[in-house]
2 protein chains.
Amino acid sequence: MPVTAHARPPELSRQRDQRADARRNHDHLLEVARLVVAEQGVGASLRDVARRAEVGLGTLYRHFPTREALLDALLRQGFARLVELADELAATHTAVDALTAWLRELALSAAVYRGLPTALAATLDDPDSALSTACGALRRAGGQLLANAQAEGSVRPDVTGLDVFALATAVAALAEQGPLAERRDHLLGVLFDGLRPGPPLATQPLPRGPRDDAGPPHG
Amino acid sequence: MPVTAHARPPELSRQRDQRADARRNHDHLLEVARLVVAEQGVGASLRDVARRAEVGLGTLYRHFPTREALLDALLRQGFARLVELADELAATHTAVDALTAWLRELALSAAVYRGLPTALAATLDDPDSALSTACGALRRAGGQLLANAQAEGSVRPDVTGLDVFALATAVAALAEQGPLAERRDHLLGVLFDGLRPGPPLATQPLPRGPRDDAGPPHG
DNA sequence: ACCTGAACACCGTTCAAGT
DNA sequence: ACCTGAACACCGTTCAAGT
């Protein structure tokens, strides 16, 4: 087997081969994007990013073909840290505390950019998104913590990693609304307590299914 | 006291005074809007609405000065029905079942248009929105059911009407994502179980507060 | 009193032309 | 190999001109 270029991560090698101006543009674009997204949220104007980076609009699209590719680059480090954190917490805390602490960190991390919690939840829909592979790693990390707690019997067995990931980001999304910001930890507490095993709150008669009268197009 | 025009709802009287063509445009616009919003979600193109209603763009804006005013008109009936339903459930079910059944209906109703759950949650932020007064009535109705259940001691006392309203719409928003659609009732069940009184799941050490390293602008 | 649609200031995305 | 920016097809919103 030849020794040359057999296992170097493709991203890194691509960066190596880049022309100097391309590499400079890439990095500068990322810096500026971080500022603009911090200001305007994940729906930030891409034109603004290119403008403030003093770069042609096509250059932005060349380096980040889609908005989610840009977000992915912006979030890569923080996501990696979260994945590591899962292992650290698993090693240092009880299963339940590791799970809840990690989910809280997930909610905090999702709040770094306005609209990100919703964007992460939207990721669940199309697995082709540039963000969704990164989210997959997050979900696996959280799923492991969940499985640990479930194996102990301290968390109800009928919730999935998808469930808790979605619920945590949903709480993060709610906390973006002004009056709920300070209740974030409280809402997370309600969510966590919903994970306790035990009899359900309601006898769940569900008085009727989807109403047959007055649907959206004609009511 | 004069008998003339002392308590007629202003909306109805305004409709009375309208010119015939105005009234026709108003109603037709509403019909078309219902279709377009059903197709495209709450972010639907207002231009499309005017176009398909075969009406000048300014006419749409005259009748519905903002997107939320249009949504409000679209949702008025369903919201009124939900408020009534709260009383009906309170009269016919236990406090807990009335609360959970109503919250489930809220989540179902919020799902009639794509993006509506998020729009309802966003309402909590600015009380000046055309939707927020309608949401206020919803929250009051739900808050009463919650208070009933809390008075019984069957629901934890440290949640507010705002909390449960927000959480229910958040679950509705999650259920818009494909893989979670069929888990809507399950997620609601987790939420409801989070309302049970009792000791918290975690001892909540919250290993560290907001991280001091790697914030959004520089990490 | 109401309707109309052009005008304005924005978008995202693509792609021929340059270097 | 990479950058540029005009071009295209959309938006929401306003407002002078019409009837």
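Naming: A, B, ... by sequence-line order, numbering from 1 per chain. Keep in mind that the numbers below use all heavy atoms, side chains included, and drop hydrogens, waters and symmetry copies. The structure presented is a predicted model; accordingly, all values stated were derived computationally and were not measured.
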task = Return the set of residues passing side chain to side chain donor-acceptor pair (under 3.5 Å) with E68(B) (not counting sequence neighbours), or none when no residue passes.
result = S129(B)

ask   = Has R52(A) got more than 12 heavy atoms of other residues, nucleotides or ligands less than 6.0 Å from its CZ?
value = yes

With sequence neighbours excluded, residues passing side chain to side chain donor-acceptor pair (under 3.5 Å) with D126(A) = none

inquiry  = Can a donor-acceptor pair be found, under 3.5 Å and without considering hydrogens, that links the side chain of R139(B) to the backbone of A166(B)?
reply    = no

task = List the protein contact pattern of nucleotides 3-13 of chain C with one symbol per nucleotide (5' to 3'): B for base contact, S for sugar-phosphate-only contact, - for none; contact means a heavy-atom distance under 4.0 Å.
result = SBB-B---BBB

query = So, the side chain of D193(A) versus the backbone of L201(B): is there a donor-acceptor pair under 3.5 Å, distance only?
reply = yes

ask   = Are any of the side-chain nitrogens in D21(B) or R24(B) under 4.0 Å away from the carboxylate oxygens of its partner?
value = no

inquiry  = Please list, in numerical order, the residues of residues 121-135 of chain A that have a heavy atom closer than 4.0 Å to any atom of DNA chain D.
reply    = none

task = Spell out, as yes or no, whether a donor-acceptor pair under 3.5 Å connects the side chain of E176(B) to the backbone of G115(B).
result = yes

message = Does the plane of the ring in F64(B) sit parallel, tilted or perpendicular to the ring in H26(B)? Use 30° and 60° as the thresholds.
response = tilted

query = Considering residues at least two apart in sequence or located in another chain, which fulfil the ring pair (Phe, Tyr, Trp, His ring centres under 6.0 Å) criterion with Y61(A)?
reply = none

query = Do the side chain of E105(A) and the main chain of L82(A) share a donor and acceptor less than 3.5 angstrom apart?
reply = no

ask   = DNA chain D in dot-bracket, Watson-Crick or G-U pairs under 3.5 Å, [ ] crossing, | other strand?
value = ||.|||||...|||||.||

